[in-house]
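Data first, discussion second: the structure below is written as structure tokens.
So you know, we letter chains A, B, ... as the sequences are listed, proteins then strands, and number each from 1.
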Protein chains: 2
Amino acid sequence: MPKNCNFIEKLREVGLRPTKQRIKMCEVLYNREKTFHFTINDLVKLLSEKMNEKISLATVYNTVHAFEKKGYLKEISIDSHKSYFDTNTSAHHHFFDEDTHELIDCDESDIDKINIRKNITGKKINSVEVLVRVASDNQTQK
Amino acid sequence: MPKNCNFIEKLREVGLRPTKQRIKMCEVLYNREKTFHFTINDLVKLLSEKMNEKISLATVYNTVHAFEKKGYLKEISIDSHKSYFDTNTSAHHHFFDEDTHELIDCDESDIDKINIRKNITGKKINSVEVLVRVASDNQTQK
DNA sequence: ATCTACATTATAATAATTCTAAACTGTTGA
DNA sequence: TCAACAGTTTAGAATTATTATAATGTAGAT
Ligand SMILES: [Mn+2]
Ligand SMILES: [Mn+2]
Ligand SMILES: [Zn+2]
Ligand SMILES: [Zn+2]
């Protein structure tokens with residue numbers, strides 16, 4: 001649970017000016033026990049709840065992408081219709097709950113290391129990620 | 001390389017009226033040696049090339065989604081900013097070339113079966129898919 | 001305190017997708 | 001055979017997510 005001055009330093013370190021909007025975004029994104037997943041809409045709601053003044057949508061987009069470029073955030077592709085972001089920027093796999101549209105992180109131990117036997121000439125592997133789609137296990141589907 | 005009458009039958013079997021637009025879409029999508037990946041834009045281009053009359057964008061969207069629902073097409077999530085579709089509807093993994101934005105199918109033999117050790121209570125696994133992002137292997141990146 | 005580069009903002013623009021409602025067409029059965 | 005109907009296509013409008021613009025504001029340096 002870092003204090004704001006830590007965010008100011010953190011932002012400075014990567015060459016971002018610690019403006020009040022960015023500090024507030026840091027608080028909302030990183031001032032929590034666990035990493036989490038969000039859409040831009042989620043984030044805008046969280047920000048408007050926790051902030052007296054309002055923050056413009058353009059700033060949220062710009063800052064999220066600035067954070068992404070700096071490696072503070074990772075974009076996750078699950079649904080072509082929505083962008084999900086992740087404050088857990090390490091390489092990891094996901095469960096996606098198709099009922100609730102929630103993302104859940106996998107632990108290291110949940111899935112064995114993936115061994116890729118094919119290689120594409122002239123190309124290097126940037127990432128290997130598994131997406132496990134789950135849904136409710138009702139017998140209702142005949 | 002099926003002829004059109006096969007497409008007419010195929011469409012009938014799943015309760016879709018074999019209209020000339022749908023038949024043309026079947027030709028473009030399925031009258032080829034290998035399965036392939038496409039975006040809506042790709043498909044619209046292909047259709048306008050191979051068709052004398054024009055087909056409306058709404059029809060392309062509607063028909064793609066009708067095919068998807070019937071299991072003739074699968075939607076692939078790689079990029080939150082664009083929808084990719086796949087005429088290979090079986091469960092399989094992908095390489096994604098981040099330079100060319102091309103999808104490449106993995107063979108069964110390219111990646112071992114993924115073993116999931118975690119299970120989410122009350123949820124069943126619908127799919128397990130691996131996405132391997134690749135990019136050019138230039139030493140240009142210091 | 002002043003300056004300046006960088007940020008934020010409201011708003012407009014763009015892009016992808018979906019909706020609408022009128023016109024059209026494949027199929028059925030009289 | 002052909003009228004009738006349900007399903008389909010269509011152009012264009014509407015919606016949604018995202019990005020661009022350009023005027024205004026502000027952090028940090030001097
Ligand atoms: Mn993005
Ligand atoms: Mn879709
Ligand atoms: Zn995650
Ligand atoms: Zn594929």
Side-chain angles (χ1 to χ4, degrees), chain A residues 4-5 7-28 37-48 51-70 72-73 75-85 101, chain B residues 4-5 7-28 37-48 51-70 72-73 75-85 101:
Chain A
N4 293 0
C5 56
F7 292 139
I8 293 176
E9 280 168 32
K10 188 177 181 181
L11 287 166
R12 279 242 171 71
E13 269 166 27
V14 290
L16 292 176
R17 271 194 194 165
T19 62
K20 59 179 181 296
Q21 288 86 351
R22 281 177 179 157
I23 291 166
K24 179 55 74 176
M25 284 186 63
C26 282
E27 285 174 32
V28 169
H37 307 101
F38 63 93
T39 65
I40 295 287
N41 253 337
D42 296 337
L43 181 55
V44 168
K45 265 183 213 136
L46 284 173
L47 282 166
S48 60
M51 218 161 138
N52 23 10
E53 314 132 78
K54 70 179 301 187
I55 183 169
S56 95
L57 187 60
T59 297
V60 177
Y61 272 101
N62 290 340
T63 308
V64 162
H65 284 127
F67 282 177
E68 190 189 1
K69 195 184 294 178
K70 294 295 177 182
Y72 285 11
L73 287 176
E75 191 167 3
I76 311 282
S77 297
I78 300 122
D79 181 335
S80 318
H81 306 177
K82 217 174 231 172
S83 277
Y84 283 77
F85 291 89
H101 286 195
Chain B
N4 292 359
C5 55
F7 294 138
I8 293 176
E9 280 168 34
K10 189 178 178 180
L11 286 166
R12 280 244 171 71
E13 268 164 28
V14 290
L16 292 175
R17 271 193 195 167
T19 62
K20 57 178 180 299
Q21 289 85 353
R22 281 178 180 158
I23 291 164
K24 181 55 75 175
M25 285 187 64
C26 282
E27 286 175 31
V28 169
H37 306 101
F38 63 94
T39 65
I40 295 286
N41 253 339
D42 296 336
L43 182 55
V44 167
K45 266 184 211 135
L46 285 173
L47 282 166
S48 61
M51 217 159 137
N52 23 11
E53 317 132 75
K54 70 177 303 187
I55 184 169
S56 94
L57 186 60
T59 296
V60 177
Y61 273 102
N62 290 340
T63 307
V64 163
H65 284 127
F67 282 176
E68 190 190 2
K69 194 185 295 182
K70 293 295 176 182
Y72 285 11
L73 287 176
E75 190 166 6
I76 311 281
S77 297
I78 300 121
D79 181 334
S80 318
H81 306 177
K82 217 174 229 172
S83 275
Y84 283 77
F85 291 89
H101 286 196

query = A:Tyr84 OH to D:dT18 C1': how many Å, rounded?
reply = 17 Å

task = Choose from D:dT18, C:dA16, C:dT9 the nucleotide whose nearest atom is closest to any side-chain atom of A:Asn62.
result = C:dT9

ask   = Is the backbone of B:Thr39 close enough, under 3.5 Å, to the side chain of B:Lys82 for a donor and an acceptor to pair up by distance?
value = no

What pairs of nitrogen or oxygen atoms, one from the protein and one from nucleotides 12-15 of chain C, lie under 3.5 Å apart?
none

message = List the residues meeting side-chain contact (heavy atoms from CB on, under 4.5 Å) with A:Thr59, not counting sequence neighbours, and say none if there are none.
response = A:Gln21, A:Ile55, A:Ser56, A:Thr63

query = What distance separates B:Met25 CE from B:Met51 CE, expressed to the nearest 0.5 Å?
reply = 9.5 Å

message = Is the phosphate of D:dT18 approached by A:Ser83 (side-chain N or O, under 4.0 Å from OP1 or OP2)?
response = yes

key: OH-CG distance between A:Tyr84 and A:Asp42, expressed to the nearest 0.5 angstrom   = 7.5 Å

inquiry  = Is it the case that the side chain of B:Arg22 and the backbone of B:Arg17 share a donor-acceptor pair, with hydrogens and angles ignored and the cut-off at 3.5 Å?
reply    = yes

Between the protein and nucleotides 24-30 of chain C, list every N/O to N/O distance that falls short of 3.5 Å.
residue, atom, partner, partner atom, Å
C:dT27, OP1, B:Arg12, NE, 3.1
C:dT27, OP1, B:Arg12, NH2, 2.4
C:dT27, OP2, B:Arg12, NH2, 3.1

key: B:Lys82 NZ to D:dT18 P, straight-line distance once rounded to whole Å   = 15 Å

inquiry  = Using whole Å, what does the distance between atom P of nucleotide D:dA13 and atom CG of B:Leu57 come to?
reply    = 15 Å

From NZ (B:Lys70) to CG (B:Leu16), nearest 0.5 Å = 5.5 Å

ask   = C:dT8 P sits how many Å from A:Leu11 CG, rounded?
value = 10 Å

Atom-to-atom span, NZ of A:Lys24 to C1' of D:dT26 - whole angstrom = 18 Å

key: side-chain hydrogen bond (donor to acceptor under 3.5 Å, both in side chains) involving A:Asn62 - partner list, sequence neighbours excluded   = none

note = Of the listed D:dT9, C:dT8, C:dT17, the closest approach to the B:Ile40 side chain comes from C:dT17

query = Can you find a side chain N or O atom of A:Gln21 that sits less than 4.0 Å from OP1 or OP2 on D:dT26?
reply = no

ask   = Which distance, rounded to the nearest 0.5 Å, do you find between the CD of A:Glu27 and the NZ of A:Lys20?
value = 13.0 Å

key: Atom pair distance, as rounded to whole Å: NE2 in A:His65 and C1' in C:dT8   = 17 Å

message = Do A:Ile78 and B:Ser77 make a side-chain contact, defined as non-hydrogen atoms from C-beta onward lying under 4.5 Å apart?
response = no

key: Rounded distance [0.5 Å steps], CD in B:Glu13 versus CG in B:Leu11   = 9.5 Å

query = Could you state the CD-P distance from A:Glu68 to D:dT18, rounded to the nearest angstrom?
reply = 12 Å

query = Which residues satisfy the ring pair (Phe, Tyr, Trp, His ring centres under 6.0 Å) test with A:Tyr72, sequence neighbours excluded?
reply = A:Phe67

request  = Just compare C:dA10, D:dT18, C:dT9 and give me whichever is closest to any side-chain atom of A:Tyr61.
outcome  = D:dT18

query = Atom CD of B:Glu53 and atom C1' of D:dT8: how far apart are they, to the nearest Å?
reply = 15 Å

task = Quick one: the dot-bracket string of DNA chain C, using Watson-Crick and G-U wobble pairs with both distances under 3.5 Å, [ ] for crossing pairs and | for bases paired to another strand.
result = ||||||||||||||||||||||||||||||

key: Reported CD1-to-NE2 distance for the pair B:Ile40 and B:His65, which is rounded to 0.5 angstrom   = 6.0 Å

